[in-house]
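Just so we're clear, the structure is a prediction, and the values are computed from it rather than from any experiment.
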Amino acid sequence: MSDITIHRLGIIMNGVTGRMGTNQHLLRSICAIIAQGGVKLSDTEVIMPDPVLVGRNEAKLQALAERSGIAATSTDLASLLEDERYPIYFDAQTTERRVEAVKAAIRAGKHIYCEKPTATTTAEAYDLYRCAHQAGIRHGVVQDKLWLPGLLKLKRLIDLGVLGEIVAVKGEFGYWVFEGNVIPTQRPSWNYRREDGGGMMIDMFCHWRYVIDNLFGSINGVCATAATLIPQRWDENGQPYTCTADDAAYATFSLDSGVLCQFNSSWNVRVNRDELLEIQVDGTRGSAVAGLRNCKYQSAGTTPKAVWNPDVPSPIAYRDWWTEVPELESFDNAFKVQWELFLKYVVKGGSFRWDLLEAAKGVQLAELGQVSHDRRGWVDVPPLEQL
């Protein structure tokens, strides 16, 4: 039996005591990778993550260590950045803390993998990309929705030509986030304070940028408006606070192909659809509706002939004319899939499309969405230069 080469990769995981960092990145990604025996490169070569949990609250870190089984914790990020046992820095902190920490990690020669948005301005986000490029380190940003089962099924339909020429795209995202005074809220309070990096545009437009760019084509313009529909909420300590960030945003994105993509995003909407995110794609040969996990389609040949007549009940049960896209493969956690790709990239090199330049594009779209809101009109989205 051949010896197995194990690449042990030390990972500084900063900010994983938060909801997303704990659940998606630590427990469902890194811990799951460790439990499965690492990332298999071949029958004789494996990557094994070796994380250290970093944060500002020692009590939270110890509780998370017990829950995850990861014993190594620290509140001293500066010392860890000097430690050669940890070549990777991962950042899941709140947005306003990210730029400074990521720049320090780049200066220390660490490979960078981080949550989005990477900054609150395009200039800062692009500067992170520039610094990483000049340092010659490997870098990536989380773009998890690309590996959701529903969107993978949608991409399969597009790649197979089932939909024909795409003519329109419409996305509906959101759910009701409780204010926190009677029923506990399900999102952190900083999400609703602009001064802390919160806001619907800066959060979700980063997602819509990579989803649209990867599935439908390059964005060249945006017309958007935003609103703060709930002016007061209650924080984690039960204290009321004024909401200073937008909690809903409505946008149309124009593509180089001429296709328009409309996306509604709101934390103040009660769900009347199958999933929290649904994207409808209409094409000349068929249409598809993709959610987080499911995707259904309707071909041109099975499209019912609708006739407008509000005076009688509809003779067509429209939902019955759609067909579920079958699962032809198994789907893993979307965050875990990209983590495995990044770890392979660190060890083996090659290419990694989802880098800090892609992160800057997301921030750019959010920033220009705000400009569009302020001007009440269309704004061009110029390409960002690849170094």
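- You'll find the side chain of I212 stays beyond 4.5 Å of the side chain of V169, heavy atoms only.
- In this structure, Y129 contributes its side chain and L387 its backbone to a donor-acceptor pair below 3.5 Å.
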Where do E66 and Q62 land on the side chain to side chain donor-acceptor pair (under 3.5 Å) test, with the steps shown first?
CA-CA 6 Å; E66 293 178 8; Q62 290 304 315; over 6 Å; no
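- In this structure, CE on M201 lies 11.5 Å from CD on E367, to the nearest 0.5 angstrom.
- Annotation for Q134: atom CD counts as buried by contact number, over 12 foreign heavy atoms lying within 6.0 Å.
- Taking the six-membered ring for Trp and thresholds of 30 and 60 degrees, H25 and F90 have ring planes inclined between 30 and 60 degrees apart.
- Between the side chain of D247 and the backbone N or O of L229, at least one donor-acceptor pair lies under 3.5 Å.
- Within a 6.0 Å radius of CZ in R273, more than 12 heavy atoms belonging to other residues, nucleotides or ligands are found.
- A360 approaches T122 most closely through the heavy-atom pair O-CG2, 4.4 Å.
- Across every non-hydrogen atom of W267 and D246, the tightest pair is CZ3-O, 4.3 Å.
- L341 and L41 fall within a single hydrophobic cluster, where Ile, Leu, Val, Met, Phe, Trp and Tyr side chains are chained together by heavy-atom contacts under 4.5 Å.
- Looking at Y192, its side chain never comes within 3.5 Å of a backbone N or O of P231 through a donor-acceptor pair.
- In the hydrophobic clustering of this structure, L151 does not group with V141; members are Ile, Leu, Val, Met, Phe, Trp, Tyr whose side-chain heavy atoms approach within less than 4.5 Å, directly or through other members.
- No side-chain donor-acceptor contact under 3.5 Å links D380 to the backbone of P382.
- The shortest non-hydrogen separation linking I30 to P51 is CG2-CG, 3.9 Å.
- Hydrophobic clustering keeps L292 apart from L152 (ILVMFWY residues linked when any side-chain heavy atoms are closer than 4.5 Å, directly or through intermediates).
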Run the side-chain contact (heavy atoms from CB on, under 4.5 Å) check on V39 and M48 step by step: do they pass?
CA-CA 7 Å; V39 179; M48 182 59 70; over 6 Å; no
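- Electrostatic pairing of K170 and D282 does not count as a salt bridge here, judged by no charged N lying under 4.0 Å from a carboxylate O.
- Taking the six-membered ring for Trp and the full ring otherwise, W354 and F352 have centroids separated by under 6.0 Å.
- Separation of the F173 and F263 ring centroids does not fall under the 6.0 Å cut-off.
- Counting only heavy atoms from C-beta outward, the side chains of R67 and L27 approach each other to under 4.5 Å.
- In this structure, the side chains of Y345 and H111 stay at 4.5 Å or more apart for every pair of heavy atoms.
- Considering only heavy atoms from C-beta on, V325 comes within 4.5 Å of L157 through its side chain.
- Shown here is K145, whose NZ atom has more than 12 heavy atoms of other residues, nucleotides or ligands within 6.0 Å.
- The aromatic ring centres of W147 and W339 sit 6.0 Å or more apart.
- Using a 4.5 Å cut-off on side-chain heavy atoms (C-beta onward), C243 and Y241 make contact.
- Follow the hydrophobic side-chain contacts under 4.5 Å out from W234 and you never reach V182; the two are in separate clusters.
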Intermediate values then yes/no, side chain to side chain donor-acceptor pair (under 3.5 Å), E179 and T185
CA-CA 6 Å; E179 296 93 321; T185 187; over 6 Å; no
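- Using a 4.0 Å cut-off between charged nitrogen and carboxylate oxygen, E340 and K336 count as a salt-bridge pair.
- Checked against the 6.0 Å centroid criterion, the rings of F205 and F253 qualify as a close aromatic pair.
- Atom CD of Q386 has 12 or fewer neighbouring heavy atoms from other residues, nucleotides or ligands inside a 6.0 Å radius.
- Salt bridge R187/D203: present, at least one basic N to carboxylate O contact under 4.0 Å.
- In summary, E165 and R285 do not engage in a salt bridge, as defined by a charged side-chain N under 4.0 Å from a carboxylate O.
- Residues R293 and P149 share a closest heavy-atom pair of O-CB, 3.6 Å.
- Side-chain contact between V177 and R233 is present, with at least one heavy-atom pair separated by less than 4.5 Å.
- Aromatic ring centres of Y113 and H139: separated by at least 6.0 Å.
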Step by step, work out the side chain to side chain donor-acceptor pair (under 3.5 Å) result for S287 and Q298.
CA-CA 5 Å; S287 296; Q298 183 179 107; over 6 Å; no
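- Closest of all the heavy-atom pairs between Q143 and Q338 is N-OE1, 2.8 Å.
- Taken to the nearest 0.5 Å, the CG atom of L357 stands 9.5 Å off from the CD atom of Q364.
- Residue R19 places its CZ atom among more than 12 non-hydrogen atoms of other residues, nucleotides or ligands, all under 6.0 Å distant.
- Ion pairing between a basic and an acidic side chain is recognised when a charged N comes within 4.0 Å of a carboxylate O; R98 and D91 show such pairing.
- Applying the 6.0 Å contact sphere to CD of Q232 captures more than 12 heavy atoms from other residues, nucleotides or ligands.
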Using the side chain to side chain donor-acceptor pair (under 3.5 Å) rule, take T244 and E195 through it: C-alpha gap first, then chi angles, then the decisive distance, then the call.
CA-CA 8 Å; T244 55; E195 61 272 22; 2.7 Å; yes
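- Between D274 and K296 there is a salt bridge, since at least one side-chain N of the basic residue sits less than 4.0 Å from a carboxylate O of the acidic one.
- For the 3.5 Å distance criterion, the side chains of W176 and S266 fail to qualify, holding no donor opposite an acceptor.
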Stepwise, does the salt bridge (charged side-chain N to carboxylate O under 4.0 Å, His left out) test hold for K116 with D144?
CA-CA 10 Å; K116 68 214 154 297; D144 54 284; 3.4 Å; yes
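- The backbone N or O of V99 lies less than 3.5 Å from no partner atom in the side chain of E124, so there is not a single donor-acceptor pair.
- Residues L64 and L80 do not share a hydrophobic cluster, clusters being chains of Ile/Leu/Val/Met/Phe/Trp/Tyr side chains in contact below 4.5 Å.
- Side chains of I112 and I137 form a contact here, defined as non-hydrogen atoms less than 4.5 Å apart.
- For the pair R138 (side chain) and V346 (backbone), a donor-acceptor distance under 3.5 Å is present.
- Side chains of S254 and N220: a donor on one and an acceptor on the other come within 3.5 Å.
- The pair K348-E45 counts as a salt bridge, with a side-chain nitrogen and a carboxylate oxygen less than 4.0 angstrom apart.
- Classification of E329 and R156 as a salt-bridged pair holds, one side-chain N sitting under 4.0 Å from a carboxylate O.
- Using modelled atom types, no side-chain atom of S218 and backbone atom of D256 make a donor-acceptor pair closer than 3.5 Å.
- Closest approach of A132 to L356, counting heavy atoms only: CB-CD1, 3.8 Å.
- With T75 contributing its side chain and G55 its backbone, the two residues share no donor-acceptor pair below 3.5 Å.
- Checked options D50, V52, I34; the residue passing with I70 is I34 (criterion: side-chain contact (heavy atoms from CB on, under 4.5 Å)).
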Decide yes or no on salt bridge (charged side-chain N to carboxylate O under 4.0 Å, His left out) for K103 and D127, but give the supporting numbers first.
CA-CA 9 Å; K103 278 191 174 182; D127 191 48; 2.6 Å; yes
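- N294 places a side-chain heavy atom less than 4.5 Å from the side chain of K153.
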